[in-house]
Amino acid sequence: MSGITVTLPDGSPLELPEGASGADAAAAIGPRLAKDALGVKVDGELRDLAAPLPDGAAIAIVTPTSEGDDADDALWLIRHDAAHVMATAVVELWPGTKVSIGPPIADGFYYDFEFPDGERPSEADLERIEAAMRAHIDADEPFERSELPVAEAVERFRDAGEPYKVELIEDLERDQGAETVSLYRNGPFTDLCRGPHSPSTSRIGAFKLNSIAGAYWRGDESRQMLTRIYGTAFHRQADLDRHLEQLERARESDHRRLGPELDLFRFREEAPGMPFWLPQGTVLLELIEREVREQLGKRGYREIRTPEVLDEELWHRSGHWDNYRENMYFVEPSQREGDQRRFALKPMNCPGACLVFGSERHSYRDLPLRLAEFGKVFRYEREGVLHGLLRVRAFTQDDAHVYCTLEQVPAEVDSICSAIDELYARFGFDEVQVELSTRPEKSVGTDEQWARAEGGLREALERQGRDYEVSPGEGTFYGPKIDFHVTDALGRSWQLGTCQLDFQMPERFELAYQGEDNAEHRPVMIHRALLGSMERFAGILIEHHGGRFPAWLAPTQAAILPVSDPHVGYARAVAARLGAAGVRNRVDERAESVGRKVRDAELAKVPLMLVLGEREEAEGTVSVRSHTDGDLGAMDPDRVPELLEAGRRD
Ligand SMILES: [Zn+2]
Ligand SMILES: [Zn+2]
């Protein structure tokens with residue numbers, strides 16, 4: 001009898017009869033595995049358990065307790081299952097609904113539907129859909145795969161009134177030369193689907209539908225608007241609960257909600273994607289800037305400021321015209337002077353810095369020349385991608401450009417990495433992930449320049465003994481880069497700083513310095529930002545702290561709350577004294593009860609509340625209530641600064 005041999009993850013061989021499937025392999029290993037199996041990895045590729053295994057393949061059975069990549073695959077399978085089951089339920093509840101696509105995504109799954117005229121579910125209907133899904137899950141309906149010739153499949157979905165499926169099949173035929181397509185059936189529902197799926201609907205452990213949104217068919221604004229329903233699924237209820245809890249925490253710390261609530265910033269229709277910073281938020285930005293400036297001072301940077309509106313010709317010279325034009329704002333100059341020149345708002349600070357460097361003669365003794373700029377830049381992002389402070393159209397980069405020799409690059413990169421470590425730790429981000437990105441498809445410069453640039457960055461990272469990941473093809477168009485990421489309190493990763501090498505721009509701007517040999521040489525240019533965008537970083541900080549900043553970073557550190565009108569005079573005197581000691585404070589002079597004032601200060605997340613009434617005024621004290629430590633009793637106002645300093649600096 002002929003058979004096949006496959007290799008298990010531990011390297012041991014497993015003999016199976018010809019035509020054996022992943023399910024057969026699991027059963028041959030043990031009954032427990034056969035019961036738990038969701039899918040099978042065949043030479044690294046996830047497949048249906050029912051698919052026959054090729055001879056010689058390396059296989060791994062995927063189960064709810066798989067680890068690493070296989071764990072992701074296990075979740076992917078049941079989320080894909082859940083998307084199909086959701087479509088089953090929706091079509092049942094709203095007959096005549098047309099289905100389009102329903103993939104698993106990072107944290108769950110969605111499915112896009114076109115509901116019959118005049119009908120559209122609301123969030124209130126989600127429970128009803130969940131109940132219908134649960135019935136199909138309890139019924140333990142198997143996922144059955146079949147293959148159909150393209151023509152037959154088109155006919156089938158056309159008859160069923162499913163135009164989106166017909167379009168998908170026709171595209172598969174045209175773009176990929178598909179001759180057959182696969183369908184998956186579960187219970188009453190059959191979907192065009194590449195698979196794979198788990199063996200049956202009962203494998204979806206715990207699930208929840210989250211929200212409803214609009215989505216254009218194929219993401220194309222000129223096409224049909226569909227209704228997208230989002231959900232998620234986990235193997236165990238406890239995992240789902242934890243996930244939902246985290247979503248709730250993320251909702252509570254959403255900076256788009258906290259910004260207006262804490263009087264930090266607002267967005268207005270008059271300038272989409274451009275924040276208006278309110279006084280509290282402006283203080284926050286200044287405090288962040290202060291920390292960046294401390295790094296600049298320590299590391300030999302000098303600060304410059306360059307214009308925001310520059311001649312269009314400059315953007316031709318810099319290469320932005322060719323590579324970045326669709327993201328730029330252009331300015332009509334006043335006709336009064338008959339000025340024929342056209343101007344653009346700067347999307348980046350680099351050309352301005354190059355003009356500064358180029359307007360003076362430099363010797364090798366000036367290098368490295370480090371020019372820093374808190375530069376406001378403007379980028380025309382599509383309205384659909386704008387997202388609070390995280391994706392805006394105008395923002396301030398904590399930018400710098402270092403002009404140096406190739407030999408000086410590793411030391412400069414060292415210094416930039418140290419600045420980043422110190423700065424991030426200061427804001428409560430202790431773990432920094434480093435990513436080296438190499439040459440993208442769309443790029444300027446020669447092979448040799450790219451090889452040297454990438455080599456310089458690698459050398460610096462390796463000298464520091466840093467762990468780093470390489471992202472091939474993710475560099476900028478002018479050079480390779482190192483990106484720095486942090487993980488926030490909710491476990492999300494954010495890219496902040498960047499350090500980019502550039503041989504190209506000094507070339508384009510014909511920058512030069514006089515060498516020891518008296519000859520002219522081209523400097524190398526490093527673009528670097530520590531926090532990236534000040535606005536975006538503020539948004540990340542707001543979410544990281546849930547709006548409750550550590551005392552040193554709180555825009556208002558102490559709220560002074562007189563119990564009643566007669567004590568306002570004393571309150572003002574205390575405020576002046578604290579102000580002189582550098583404590584950012586405000587007096588609540590409203591004719592409200594002290595209980596109300598305390599509640600409002602708590603909602604505003606002010607670290608310290610200083611209550612003062614008759615006794616405090618008579619004794620020259622304040623009654624201190626700390627957000628973190630509760631009532632601290634009455635004390636001399638001069639002790640307040642030290643309360644705030646606790647946890648300030650090492
Ligand atoms: Zn599918
Ligand atoms: Zn730059």
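Order of appearance sets the numbers: ligands from 1, and atoms from 1 within every ligand. All values below come from the heavy atoms of this structure, side chains included, with hydrogens, waters and symmetry mates left out. For clarity, every value in this text was computed on a predicted model and none was experimentally measured.
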Is the centre of the [X] ring less than 6.0 Å from the centre of the [Y] ring?
X: W321; Y: F330; value: yes
X: Y329; Y: Y380; value: yes
X: Y111; Y: F113; value: yes

#### Entry: Atoms of type N/O/S from protein, distance to the Zn ion (ligand 2) below 2.8 Å
3
#### Entry: Protein N, O or S atoms lying under 2.8 Å from the Zn ion (ligand 1), listed by chain and number
H80 NE2, H84 NE2, C193 SG
### Task
Give me the ring orientation class for H362 and F357: parallel if the planes are under 30° apart, tilted from 30 to 60°, perpendicular past 60°.
parallel
### Query
Between H401 and H527, how do the two ring planes meet: parallel, tilted or perpendicular, split at 30° and 60°?
perpendicular
### Query
Got a salt bridge between K346 and E373, using NZ or NE/NH1/NH2 to carboxylate O under 4.0 Å?
yes
## Note on the structure
To the nearest 0.5 Å, atom CG of L93 lies from atom CZ of F115 at 9.0 Å
### Query
Rounded to the nearest 0.5 Å, how far does CG of L192 lie from CD of E162?
10.5 Å
#### Entry: Lys NZ or Arg CZ of R228 over Y110 ring: under 6.0 Å, within 45°
yes
